[in-house]
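From a predicted model like this one, the values you see are computed outputs, not experimental measurements. Each chain gets a letter, A, B and so on, in the order the sequences are listed, and its residues count up from 1.
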Amino acid sequence: GNSVTQMEGPVTLSEEAFLTINCTYTATGYPSLFWYVQYPGEGLQLLLKATKADDKGSNKGFEATYRKETTSFHLEKGSVQVSDSAVYFCALRVINNDMRFGAGTRLTVKP
Amino acid sequence: KAGVTQTPRYLIKTRGQQVTLSCSPISGHRSVSWYQQTPGQGLQFLFEYFSETQRNKGNFPGRFSGRQFSNSRSEMNVSTLELGDSALYLCASSPGQADTQYFGPGTRLTVL
């Protein structure tokens with residue numbers, strides 16, 4: 001079946017630190033991969049996506065590369081800010097199937 | 001374009017009651033999916049509708065049902081509420097079934 005595994009949190013970093021949140025997937029077929037972010041009291045916001053192998057999604061300083069050989073889609077940011085504190089979800093979707101989400105990783109950035 | 005809207009934003013019910021939640025997708029989007037989010041179980045898929053037809057269904061009891069109207073608006077209904085149904089219910093819309101989903105702010109349901 002289709003599933004996503006992402007690193008457990010919580011993750012606590014100091015401002016300007018480097019961020020990596022690991023995400024690996026299992027899929028039958030060719031999935032599109034996504035990172036969503038959820039701020040307190042809100043729904044999920046699309047952060048970035050990649051639809052085929054070797055694609056790099058990027059937005060607001062965040063990046064993730066679709067690695068088919070390692071079935072991974074790790075999220076990275078070179079310098080985090082306090083405003084990046086949120087819960088991050090990795091997700092995949094295979095055509096004609098529902099979207100599958102990881103468990104979420106809570107990130108706290110301290111000034 | 002306006003985003004996905006969900007009503008109501010907050011709801012308090014008692015056990016045994018039923019509830020209906022509403023979702024208006026982004027204009028032009030024909031696919032609507034519903035998710036339940038709880039601290040213990042995370043995000044769980046409920047169902048997806050496309051062009052008024054249920055296309056996918058998650059592993060939830062029959063008390064959870066939904067429908068989609070010709071204007072793509074969707075409702076979900078939960079009958080005979082249980083304490084464990086307390087959750088944030090999220091609606092997401094996309095142009096088609098394989099496309100990126102865009103989420104609404106959610107409806108926070110509390111069952112007492």
>> Within the supplied structure, the quantity of interest is the number of heavy atoms (other residues, nucleotides, ligands) at a distance under 6.0 Å from Q54(B) CD; does it exceed 12?
In response: yes

> Where is the tightest heavy-atom contact between T100(B) and Y36(A), given as atom of each residue plus distance?
Replying inline: CG2-OH, 4.0 Å

>> Counting the benzene-type ring for Trp, do F101(A) and Y35(B) have ring centres under 6.0 Å apart?
In response: yes

> What closest approach, in Å, do F103(B) and L44(A) show between heavy atoms, and which atom pair accounts for it?
Replying inline: CB-O, 3.2 Å

>> Quick check: is V80(A) connected to I21(A) through a chain of hydrophobic side chains (ILVMFWY, heavy atoms under 4.5 Å apart)?
In response: yes

> More than 12 heavy atoms of other residues, nucleotides or ligands under 6.0 Å from CD of E16(A): is that the case?
Replying inline: no

> NZ of K57(B): more than 12 outside heavy atoms within 6.0 angstrom?
Replying inline: yes

>> If I measure from the heavy atoms of chain A, does S94(B) come under 4.5 Å with its side chain, its backbone, both, or neither?
In response: side chain

>> So for Q38(A), is it side chain, backbone, both, or neither that comes closer than 4.5 Å to the heavy atoms of chain B?
In response: side chain

> So what's closer than 4.5 Å to chain A heavy atoms on Q37(B): side chain, backbone, both or neither?
Replying inline: side chain

>> Taking atom OH as the centre, does Y30(A) end up with more than 12 heavy-atom neighbours from other residues, nucleotides or ligands that are less than 6.0 angstrom away?
In response: no

> Would one find more than 12 heavy atoms of other residues, nucleotides or ligands at under 6.0 Å from atom CG of N59(B)?
Replying inline: no

>> Looking at every heavy atom in both N56(B) and D98(A), which two are closest together, and how far apart are they?
In response: ND2-N, 3.9 Å

> Under a 4.5 Å heavy-atom cut-off, does chain B meet the side chain of L46(A), its backbone, both or neither?
Replying inline: side chain

>> Does this structure show an ion pair linking E42(A) with R108(B), if we count only N-O contacts that are shorter than 4.0 Å?
In response: no

>> Heavy-atom cut-off 4.5 Å, strictly under: side chain, backbone, both or neither for Q101(B) against chain A?
In response: both

> Does atom CZ of R15(B) have more than 12 heavy-atom neighbours from other groups under 6.0 Å away?
Replying inline: no

